[in-house]
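Heads up, the thing below is written out as C-alpha cells.
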Amino acid sequence: MLTYLVRRALTLLPILLLMSMIVFALIRMVPGDTIDVMYGSEGMDEVRRAALASELGLDQPIVVQYVRWLWRAMRGDLGHSYRAGMPVLQLIGQRLPATLLLAFAALFLSLLIALPLGLIAAVKRNSGADIGAMIFAILGISMPNFWSGILLVLVFAIWLGWLPSIGYVSPFKDFFAALRHLILPAVTLGWSLAGTTTRLSRSSLLEELGKDYVRTARGKGLPERAVLLTHALRNALIPTVTMVGLQLGFLIGGAVVVETVFAWPGVGLLVVDSIFARDYPVVQGIVLVIAVLVVLINLLVDVIYTVLDPRIRLG
Amino acid sequence: MKSQGIRILVLLLVASWVIAACTPPPAPAAPTQPAAQAPATAAPKAAAPTGPKAGGTLTFAMKEDVTSLDPLKAIQYGDIRLNILVAQQLVAPDRTGKFVGVLAESWETSADGKTWTFKLRPNVKFHNGQVVTADDVKWIFDRILDEKAGCAMRSTYAGIKLQAEVLDPSTIRFTIQSGMGPFLSYLSLLNRTAIIHRDSYDAEGKVTKIIGTGPFMMDEVKPGQSYTLVKNPNYWKAGEPLLDRVVLKVITDPVVRLNALRTGEVDMAEDLPMSDVKKLLANPDPNFTVQIYYINSGERLVMNHTRPPFKDKNARMAVQYAFDRNQYNEAIFFGLGQVHNQPFTPDNVWRLDVPMVMPDLKKARDYFKASGLPEGTPVKFLLMANQKDRGEVIQAMLSQVGFKVEFDIVDSAAWNSKGQALDYDLLLGTMTGIFDPDRPYGYLTKASGGNWLVGGYDSPKMNELLAAGRAEVDVAKRKQIYKQVVELVQEDAATIYVLGLPWVEAWRNTVKDYRPGTSPALMMMDASDGLNKTWIDK
C-alpha cells in the first residue's frame with residue numbers, strides 16, 4: 001500500500017503544476033483586474049495605474065509573473081494578498097480551521113442521520129418509515145441552503161434565542177461557544193448532505209440485500225442483524241464512502257452559501273471574494289491548497305475501501 | 001401504505017403552517033413616514049436616561065470588506081469605514097457642510113486663493129506617541145505627489161501644481177497655481193489626505209497597520225472577517241472616546257446583518273434590506289432604532305455619448321423623457337429615495353434652482369422618432385449582479401419608447417473594466433462624498449479620469465463652465481456658474497441624475513449618544529464625531 005500511496009503522491013505534482021497554470025491564466029483572462037477593483041471605481045489617470053501595476057507586479061509579462069510565483073511557491077511562499085497585504089498562507093491559515101470544522105461537523109451529522117435512515121428505509125421498504133425517510137431526504141436535497149439556513153436562524157436564533165445566528169469561535173478558545181456557533185451551519189449543510197446520502201445508502205443496501213451472498217447468509221441461519229450489519233451494510237457502504245469523499249472535497253471549497261448566511265469565515269467565501277476582487281495570489285494559493293486537500297481525501301477514501309472490502313488491494 | 005404516506009405529508013404541511021402562524025405579531029403601529037429631507041427614524045420608546053459610561057465594546061456590521069489599508073490610496077467604502085476611525089485630515093466638513101479644523105487649528109488664505117497657511121493643533125500625537133509636526137504633513141503631501149506611490153489625490157494636486165512648505169514645526173503653507181474654490185473640499189475628501197505617520201509604511205510601501213491620530217487604534221486585522229480597534233488613550237480631545245473597543249464585522253448580506261442586529265450579536269448595522277426598513281419604519285422594533293438619512297449622493301443613469309444610439313442627442317432626450325424617477329424610486333427604494341436632478345440634498349447650499357425634466361412619454365416618442373432610430377433599437381445595459389432589479393425597471397420604461405434593452409451583467413471588476421473602455425450603452429453609477437459641485441460635475445469634462453462615468457460626454461461649453469467654477473472663489477458667483485452647468489446637463493441630456501440614496505443605519509437600545517455624520521462612510525467620525533461620544537449600556 002505504501003508504494004501505492006507514494007506513487008499517488010508523485011502523480012499529484014504534475015496535476016498541481018498543470019492546474020496552477022490553468023488557474024493563473026484563467027483568472028487573468030476575466031475582464032477587470034485588481035487595480036480596477038481596489039482603486040478604479042472613479043477612474044484613474046495612466047500615471048497612477050502604471051504606479052499601482054508596478055507595485056503589484058502586474059506590469060510584467062504573464063510568463064514572468066507565473067515563473068516568479070512558481071519559484072516562490074516551490075519554496076513555500078504563496079505570495080501576499082493584494083488586498084489584505086498579508087501572506088496568502090497566513091490568510092488561508094486564518095480560514096482553514098473554520099472550513100474544516102464545519103465540513104467535518106456537517107459530514108458527521110449527515111452520516112449520523114443518513115446511515116440509520118437509509119438502513120431503516122431499505123429494511124422496511126415501502127413502509128411509513130421508508131416514505132418518511134425519503135421525504136426527509138428529498139426536503140434536504142431540494143431545499144436551497146440559503147433558505148433552510150435563514151429558516152433555522154429565524155426559529156432558533158431570533159424567535160427562540162437559543163443559538164447564535166452568525167460567526168465562528170475556535171474550539172480551542174471556547175469549546176462550548178464553538179459548539180453553539182457550529183450547530184446551525186452544520187445542521188443546514190448536514191441536512192442537505194444527509195438527503196443525498198440517505199437515498200444512496202438505501203438504494204445500495206437494497207441492491208446488496210437482493211444478492212446471492214445475502215440469501216446464502218440467511219440460508220445458513222445467520223441472525224438478520226448479522227446479515228445486515230456484517231455482510232450487506234459493509235458492501236453497501238462502498239458507494240456511500242465514495243460519495244462522502246466527493247462531498248468532503250466539495251465542502252472544503254464550496255460551502256459559500258452557508259458561509260454567507262452564517263457569516264462563517266471559511267475558505268469558500270474567501271475564494272469567491274478573492275475572485276471578485278481579482279486578488280490573484282489568494283485565488284492561486286487557495287486553489288492549490290484545496291487541490292492538495294481533495295487529493296488527500298481521495299487517497300483516504302481509497303484506503304477506506306480496503307478496510308471495507310479486503311478483496312480490494314492497492315498497489 | 002399509501003394512506004400512511006399521505007398522512008405524513010399532511011402532518012408536515014400542518015407543522016409548517018403552525019410554524020408560520022407562530023411568527024411574532026408586529027409591534028403596535030406607530031406610523032412614521034420618512035420626511036422628505038429630515039432623517040426618518042423608527043425608534044423604540046426611550047428608557048430613563050443614565051449618564052455616559054466609559055468602556056465596553058461596540059460591534060458594527062459593515063457591508064463591505066476593506067480592500068486597502070493605505071488611506072492615501074483607498075477609495076472604496078469599506079476602506080474609509082475603517083480608516084476614518086483611525087486616521088484624520090487637516091480639515092473636514094461638519095454636519096452642515098462647513099469645513100472645520102481637525103488636525104489644523106486654524107488657516108488663512110490669500111486674497112487670490114493661491115496661498116493657504118495652516119496652523120496645526122498643538123500636541124496632537126500619532127498612535128506611536130510621536131507629536132504631529134508640519135514635517136509629517138509635508139511628508140504626506142510629498143508622498144501623494146510622488147508618481148510612483150499611486151495615491152488617489154495625485155492627479156488632483158498635481159493638476160493645481162500644489163506645493164507644500166514647512167514654515168515652522170506647527171505651520172505649513174500650500175501654494176497652488178490658481179484660485180481654487182474647492183481646495184478645502186479636496187483636502188477633506190473621504191480621508192484621502194489623511195495625515196498618518198510615515199512608519200505606517202513598510203519597506204515595500206505597504207500599510208498593514210495605520211498609525212494615525214484618530215480616537216481608535218488598529219489592533220487585530222482579520223481580512224474578510226473583522227477589524228478590531230482599541231481606544232487611543234492619548235486622543236487629543238480630552239475624555240474621548242468613551243468606548244474601549246470597536247469591532248467592525250464584515251457581513252456582506254443585508255438579511256444576515258439585520259438578523260445579527262435582531263439577536264444582539266452586533267450592536268449596530270448599516271444598509272438593511274429596504275423592504276424591511278419600510279416595515280420597521282411603520283412598526284418599530286422595540287430593541288433597536290432604524291434611521292434613514294439623506295446626504296449628498298446620487299445615482300446616475302449614464303448614456304454612452306461616444307457611439308450609437310446615444311451619440312445622437314435625440315436618442316438621449318428620448319431616454320430623459322421616458323425615465324420616470326418617481327416610479328423608479330417606488331419600485332427600487334420603496335419610495336424612500338429623494339428624486340433629484342442634482343446630487344445635493346434639498347437643503348444643501350449647492351442645490352440650485354433648476355426645474356427637473358419631468359417624464360413625458362409623448363415627448364419621448366417624438367424625440368425617438370426624430371432620432372431616426374428603428375423600433376426595437378438594441379441598447380446594451382452594463383449592470384452589476386446586484387443592479388438587475390434596477391435594470392428591469394429601466395428596461396420596462398425604455399421599451400415604451402422603442403428601445404430594446406439587453407443586459408450585460410458582470411461583477412464589479414469587469415463592470416469597471418468595461419465601463420472604462422466605454423463598452424456599454426447604458427449604466428448606472430453612484431457617487432457619495434460630495435461636498436462641492438466640482439467633484440460630481442467634474443466628471444463632465446473630457447479631461448477628468450471619471451469621464452467614462454458620464455459616458456464620455458464632451459462639450460466645449462461645459463468645459464468652460466467647469467473651469468470657471470473651479471477657478472472662482474466667490475460662492476455666489478460659483479452658484480451662478482453651476483446653475484448653468486445643471487441646465488446644460490438637462491439641455492444636452494448629458495447624464496440623468498436620478499435620486500439621492502436613502503442611507504440606513506440601525507443600532508440597538510444599548511448604544512447611546514450616537515450621531516451619524518456627513519457621509520455614509522464618514523458617519524462614525526471625522527468632524528461629526530459620530531462615535532466619539534457614543535457609549536454602550538450593557
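The figures here come from the full heavy-atom set of this structure, side chains too, leaving out hydrogens, waters and symmetry mates. Here is the naming used below: chain letters follow the sequence lines, and residue numbers restart at 1 for every chain.
The CD1 atom of A:Ile158 sits 10.0 Å away from atom CG of B:Leu261, with the distance rounded to the nearest 0.5 Å. Taken to the nearest 0.5 Å, the CD atom of B:Glu265 stands 5.0 Å off from the CD1 atom of A:Ile166. From A:Phe276, atom CZ reaches atom CG of B:Asp65 across 13.5 Å, with rounding to the nearest 0.5 Å. Here B:Asn259 contributes atom CG and A:Leu154 contributes atom CG; the two are 7.0 Å apart, rounded to the nearest 0.5 Å. Here CG of A:Asp279 is found 10.0 Å from OG1 of B:Thr67. Values are rounded to the nearest 0.5 Å. Once rounded to the nearest 0.5 Å, the distance linking CZ of A:Arg278 with OG of B:Ser412 reads 7.5 Å.
Between the A:Arg48 side chain and the B:Cys151 main chain, a donor and an acceptor come within less than 3.5 Å of each other. Side-chain N or O atoms of A:Glu55 include none that pairs as donor or acceptor with a backbone N or O of B:Gly150 at under 3.5 Å.
Between A:Met86 and B:Pro223, the closest side-chain pair of non-hydrogen atoms falls below 4.5 Å. Taking the side chain as every heavy atom from C-beta outward, B:Ser155 and A:Val47 never approach each other to under 4.5 Å.
Counting heavy-atom pairs closer than 4.5 Å to chain A, the top-ranked of the candidates B:Gly429, B:Ala158, B:Ala414, B:Gly419 is B:Ala414. Contact count versus chain B (heavy atoms, under 4.5 Å) is highest, among A:Arg95, A:His80, A:Gln90, for A:Arg95. Highest contact tally toward chain B, considering only A:Val261, A:Thr34, A:Asp273, A:Leu270, is held by A:Val261 [criterion: heavy-atom pairs under 4.5 Å].
Heavy atoms closer than 4.5 Å to chain B are found nowhere in A:Met134, neither backbone nor side chain. Both the backbone and the side chain of A:Thr260 come within less than 4.5 Å of a heavy atom in chain B. Residue B:Val207: no heavy atom, backbone or side chain, is found under 4.5 Å from chain A. Both the backbone and the side chain of A:Ala157 come within contact range of chain B, each with at least one heavy atom under 4.5 Å from a heavy atom of that chain. Using a 4.5 Å cut-off between heavy atoms, B:Lys73 contacts chain A through both its backbone and its side chain. Neither the backbone nor the side chain of A:Val30 has a heavy atom closer than 4.5 Å to any heavy atom of chain B. Only the backbone of B:Ala149 comes within contact range of chain A, judged by heavy atoms closer than 4.5 Å.
Other residues, nucleotides and ligands contribute at most 12 non-hydrogen atoms within 6.0 Å of the CZ atom of A:Arg199. Residue B:Lys446 qualifies as enclosed at atom NZ: its count of foreign heavy atoms under 6.0 Å is above 12.
Heavy atoms only, all atoms of each residue included: A:Ser165 and B:Ala260 are closest at OG-CA, 4.0 Å. Heavy-atom minimum distance, B:Thr208 versus A:Gly85: CG2-O, 4.3 Å.
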Q: In sequence, state the C-alpha distance, the side-chain angles, and the governing distance for B:Gln420 and A:Arg49, and then conclude on side-chain contact (heavy atoms from CB on, under 4.5 Å).
A: CA-CA 13 Å; B:Gln420 285 175 53; A:Arg49 179 171 281 279; 3.3 Å; yes
